[in-house]
Amino acid sequence: MMQSTKHKVIDIRTHLLWHGGIEHALWSALNMLEATLCSLENNGVLHWHNHDNNIFAAENLPQNLNELGNEIGVQNLENRFFATPIHANSRKLILSNIGFSLVQDIKTGFLTIQKLYQSNNNDIENDLEAKELAEALNQDRIILYSQPIVCAKSFLPIRHECLARLTKNDGSIALPYEFIPAAERSGLIKELDVRTLELALRNIKNNQSFNLATNVSFATICDKAARDEIISILQHHQTIAQKLTIEITETIAIHDFDIAANFAIELKKIGTKLSLDDFGAGHTSFKSLRELKIDEVKIDGQYVRDVNERKDAFLFISAINAIAKELGIKSVAERVENTQERDTLLPLNIDAFQGYFFGKPRPIDI
Ligand code: G
Ligand code: MN
């Protein structure tokens, strides 16, 4: 059953900003969020009143992101905001990770920020990108790319990470930032995660020597039905599921530790491995390393990028790796892009590397 989300509309009148591009519009919108008053009406419609529109001046102007969060019913907005990996391909992801999305109304061209919450299917009809995604899911146009994760000693692949791509109607391939935000705001991310998982299992089945990893998003894990479906698929294909690693981001572990912990226990019973993705990208919690039954930690690529320029980046990688070793958790350095980065990392005895230097995401060909 397809689920989607209904939106509480925050009318921030950003349609003029559209011409500056979506990124510009987004940041202007966020700035405006910080500098405007909001009020949540009983019917759930959230109005933003800004000075330019002369609606009315603020009485209790939120002074920071957390105050703003209190106004709009999002706890810890600041943490959530900064817990979002900054390397996300599109900043649209930042909004969707904190429960908002940026949507252009097809009819009016207005750009609005919308708050996500569960509802029925109808809104997909008004959301062009979500509609395209739903169509792609229905027409089996979701395909897998994969990127090698290599052993840090032999440089041979120990596993490949599956990355979802979408074949557009014209045959070109859409990159994640073109459809993930729509997937998140429409709730289709659950279908997308499950589809990716199924495709990954099918690929393992066709080539038993292959280990694959697949990503499961925050929204999917938080949804009981989607979580149960994932566990049931894995149980049903237990032999091949043992060649699978599921990557979850640390955000999940921080915000819903119990859910993440139970999910980890279920995976362990089946024999599916669990990896903590983008570790260090946001607010890092050692609790997730210590108390979650994870097999692997993937050290966020921003530290690798800075490893030769910033001592703190090197120290972070080295400390996380040392702690992981002590806890019996494997470590992966993400986004290794060149020989210099690899050579700086080699003496640390990290277990595995991933990144363009060892292989870019390519269509899976097994
Ligand atoms: O969050 P996660 O680690 O799952 O992100 C995977 C994304 O990272 C993919 O979209 C992939 O294209 C990208 N990626 C993989 N390796 C590199 C790299 O070496 N450099 C950069 N900039 N991006 C990478
Ligand atoms: Mn990943």
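All values below were derived from every heavy atom in this structure, side-chain atoms included, with hydrogens, water molecules and symmetry-related copies excluded. First listed ligand is number 1; within each ligand, the first listed atom is number 1.
Between the side chain of R195 and the main chain of I142, no donor-acceptor pair closer than 3.5 Å is present. Judged by distance alone, with hydrogens and angles left aside, the side-chain atoms of E178 form a donor-acceptor pair with the main-chain N or O of L175 at under 3.5 Å. Checking side-chain atoms of D295 against main-chain N and O of S275 turns up no donor-acceptor pair under 3.5 Å.
Closest heavy-atom approach to atom 7 (C) of ligand 1 among the candidates R335, Q302, Q354, E341: R335.
Residue contact annotation: D277 places an N/O/S atom under 2.8 Å from the Mn ion (ligand 2).
Here the Mn ion (ligand 2) is the vertex; the OE1 atom in E247 and the OD1 atom in N215 give an angle of 90° (to 10°).
Set against the non-hydrogen atoms of D278, the atoms of ligand 1 under 4.0 Å away are 1 (O), 2 (P), 3 (O). Less than 4.0 angstrom separates some heavy atom of Q147 from each of these atoms of ligand 1: 15 (C), 16 (N). The ligand atoms of ligand 1 that sit less than 4.0 angstrom from a heavy atom of E337 are 18 (C), 19 (O), 20 (N), 21 (C), 22 (N). Near G355, meaning under 4.0 Å from any of its heavy atoms, are these atoms of ligand 1: 16 (N), 19 (O).
Note: N169 CG to E135 CD = 6.0 Å, rounded to the nearest 0.5 Å.
Counting heavy atoms from C-beta on, the side chains of L163 and N215 come closer than 4.5 Å.
Checking T344 against N308 by side-chain atom types alone, a donor-acceptor pair falls below 3.5 Å.
When heavy-atom distances to ligand 1 are checked against a 4.0 Å cut-off, N215 comes that close only through its side chain, counted from C-beta outward. Contacts of E334 with ligand 1, taken as heavy-atom pairs under 4.0 Å, involve the side chain alone. With a 4.0 Å cut-off on non-hydrogen atoms, K298 does not touch ligand 1 at all.
Minimum-distance N/O/S atom of E161 relative to the Mn ion (ligand 2): OE2.
Cation-pi geometry between K311 and F314 is not satisfied (NZ or CZ under 6.0 Å from the ring centre, within 45° of the ring normal).
Residues passing the ring-ring contact (aromatic ring centres under 6.0 Å, His included) test with F263, sequence neighbours excluded: none.
Ring geometry for F279 against F286 counts as perpendicular: the plane angle is over 60°, on a 0 to 90° scale with 30° as the lower cut.
Contact annotation: E161 has at least one heavy atom less than 4.0 Å from an atom of ligand 1. At least one heavy atom of P361 sits less than 4.0 Å from an atom of ligand 1.
The shortest N or O to N or O distance between R165 and ligand 1 is not under 3.5 Å.
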